[in-house]
Colleague: 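The structure under discussion is supplied below as structure tokens; questions concerning it will follow.
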Number of protein chains: 2
Amino acid sequence: MNQTAPSPAFRREEPDARRLSLIEACARVLARSGAAGASVRAIAQEAGASVGLVGHYFGGVDALVSATYDHVDRQVAQALDKAVATAGDDPRARLEAFVTASFAPPIADPALLATWIAFWSLVTARKDIARQHDEQYAGYRARLEGLLGDCGVATTARRRHAIAVTALVDGLWLELCLSPGCFTAQEARDIARDFLALITSSDR
Amino acid sequence: MNQTAPSPAFRREEPDARRLSLIEACARVLARSGAAGASVRAIAQEAGASVGLVGHYFGGVDALVSATYDHVDRQVAQALDKAVATAGDDPRARLEAFVTASFAPPIADPALLATWIAFWSLVTARKDIARQHDEQYAGYRARLEGLLGDCGVATTARRRHAIAVTALVDGLWLELCLSPGCFTAQEARDIARDFLALITSSDR
DNA sequence: TTGCTTGTTGAACAATCGTACAACAACGGG
DNA sequence: CCCGTTGTTGTACGATTGTTCAACAAGCAA
């Protein structure tokens, strides 16, 4: 026969690996085309898989989007943790690292914001996404309150300052990614740092 | 005949009035169902009109969404102008009014945020929406820089502070609408006011 | 090799999408 | 009163959506 190696029509993947590749493909599509473009077919093609696999592993496209939210959030949390760990032991340096990490890769990425906005756009219509958002936001703020406490911010002021810092960082991150030409990441870092200086000096 | 009044099957509306009712219906649908749910049929039903009218007045659903963005943005600008005008002549009071108006109706409305997020979700995919966003954001910041200048903030610091205040307000507004149970509008106002106090006292 | 498990495929389905357009009718000018 | 203008309707169309599922085959065990 002149028949060469049969060259398998597809590969069997480890369930977790396949799940991950679908999630990552979903994140890429979400970033590129927004929530409206995140169709089963677009995601499957991006992942190099068939449409049926989404149903097989996640039951539906909604659950895949939800799982992607979870995954992306975990990635952000890891990036922030790493930034804090790299900062050393000084409480103030750790707080600054946590805050300014939002203005550097991989967090200050228009693609990540697009993914995030896609999630926000689902909060109104879907209870499970709203719950996920509440948990993620509460977790971020709790983490920040801890770092503020380590810097000597009074217990009574922590909650308020954590809300303020979170808002400032969110707002800067939002505009930095949405209109990248308006101000630089360095400016965002400086603004955030100055704000932290005001907070940690006046309330200890 | 026992036939009563013919009771017209529909009413002829003034072109502008019809356009407006479609825009307002689009905003309501955007707020309720997100960008994904803003279909021609959903909008037409919300407006009590037929699907054909959207094509007739706007040429397509994309142009209607764009027009809605414009309209909602203008409404917000009007609300902010009104708040400033009501505040009187004291520059500081005017600045505070401008900033804290974002945490009261009609701006601090989950429905308005949902509409806004729907627009953000289109920035990635559509150039015209991105341009609209840049213009709107630049306008807001220019207005804020003017009010800061009236309060004696140095020229060199205006740009930076305007960026910071905009980010803080955006972030507070975002979370206030997205997770209404987390903190109150009063807390948001207090945080913003304190920040303005820090800015206007240290840099004059 | 043979057989079994199960990850994978892609066609089929009904529902919904945006757009186009021919037919209808409300309203004002004659 | 009638007639033309034009705002309005709703169906029809092809494209695309999410989901289902019978058939297929990759890889492992025996």
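Here is the naming used below: chain letters follow the sequence lines, and residue numbers restart at 1 for every chain. We use all heavy atoms of the structure for the numbers below, so side chains are in, but hydrogens, waters and symmetry mates are not.
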Colleague: Kindly say if A:R18 contacts the phosphate of C:dG7, meaning a side-chain N or O under 4.0 Å from OP1 or OP2.
Modeller: no
Colleague: Identify every side-chain donor-acceptor pair in residues 25-38 of chain B under 3.5 Å, counting partners at least two apart or on other chains, and give the distances.
Modeller:
residue	atom	partner	partner atom	Å
B:R28	NE	B:E46	OE2	2.6
B:R28	NH2	B:E46	OE2	3.4
B:R32	NH2	B:E46	OE1	2.4

Colleague: Once you round it to whole Å, what is the distance between P of C:dA25 and CD of B:E13?
Modeller: 19 Å
Colleague: Which pairs count as ring-ring contact (aromatic ring centres under 6.0 Å, His included) when at least one residue sits in residues 22-69 of chain A, sequence neighbours excluded?
Modeller: A:Y69-A:W116, A:Y69-A:F119
Colleague: Rounded to the nearest Å, what distance is computed from the CD atom of residue B:E14 to the P atom of nucleotide D:dT6?
Modeller: 14 Å
Colleague: Closest nucleotide of DNA chain C for A:R12 versus for A:G52: which of these residues is on the 5' side?
Modeller: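 It is A:R12 whose nearest nucleotide is closer to the 5' end.
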Colleague: Under 4.0 Å from any atom of DNA chain C, heavy atoms only: list the residues of residues 37-51 of chain B that qualify, in numerical order.
Modeller: B:A38, B:S39, B:V40, B:R41
Colleague: Tell me the interatomic distance from A:R11, atom CZ, to D:dG27, atom P, rounded to whole angstroms.
Modeller: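 A:R11 atom CZ is separated from D:dG27 atom P by 9 Å.
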Colleague: Just verifying a value: how many Å separate B:W173 CH2 and B:S102 OG, rounded to the nearest 0.5 Å?
Modeller: 8.0 Å
Colleague: In this structure, is the centre-to-centre distance between the rings of A:F98 and A:Y140 below 6.0 Å?
Modeller: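 Centroid separation for A:Y140 and A:F98: below 6.0 Å.
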Colleague: Which distance, rounded to the nearest 0.5 Å, do you find between the CG of B:L122 and the OG of B:S66?
Modeller: 9.5 Å
Colleague: Tell me the interatomic distance from B:R19, atom CZ, to D:dT6, atom P, rounded to whole angstroms.
Modeller: 15 Å
Colleague: For residues A:T200 and A:C151, report the shortest heavy-atom separation together with the two atoms involved.
Modeller: CG2-CB, 4.1 Å
Colleague: Dot-bracket notation for DNA chain D is requested: 5' to 3', Watson-Crick or G-U wobble pairs only, both distances under 3.5 Å, with ( ), [ ], | and . as defined.
Modeller: ..||||||||||||||||||||||||||||
Colleague: Verify the distance criterion only: is there a donor paired with an acceptor across the side chains of A:Q132 and A:D128 at less than 3.5 Å?
Modeller: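 Short answer, no.
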Colleague: When rounded to the nearest 0.5 angstrom, what is the spacing between CG in A:D73 and OG1 in A:T115?
Modeller: 12.0 Å
Colleague: Could you tell me whether B:R94 and B:D150 have a side-chain N and a carboxylate O separated by less than 4.0 Å?
Modeller: no
Colleague: Please name all residues satisfying salt bridge (charged side-chain N to carboxylate O under 4.0 Å, His left out) with A:D109, sequence neighbours left out, ordered by chain then number.
Modeller: none
Colleague: Of the residues in residues 53-68 of chain B, which ones touch DNA chain C at a heavy-atom distance under 4.0 Å?
Modeller: B:G60, B:V61
Colleague: How about B:Q45: does its CD atom have over 12 heavy atoms from other parts shown lying under 6.0 Å from it?
Modeller: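 Count not over threshold, so no.
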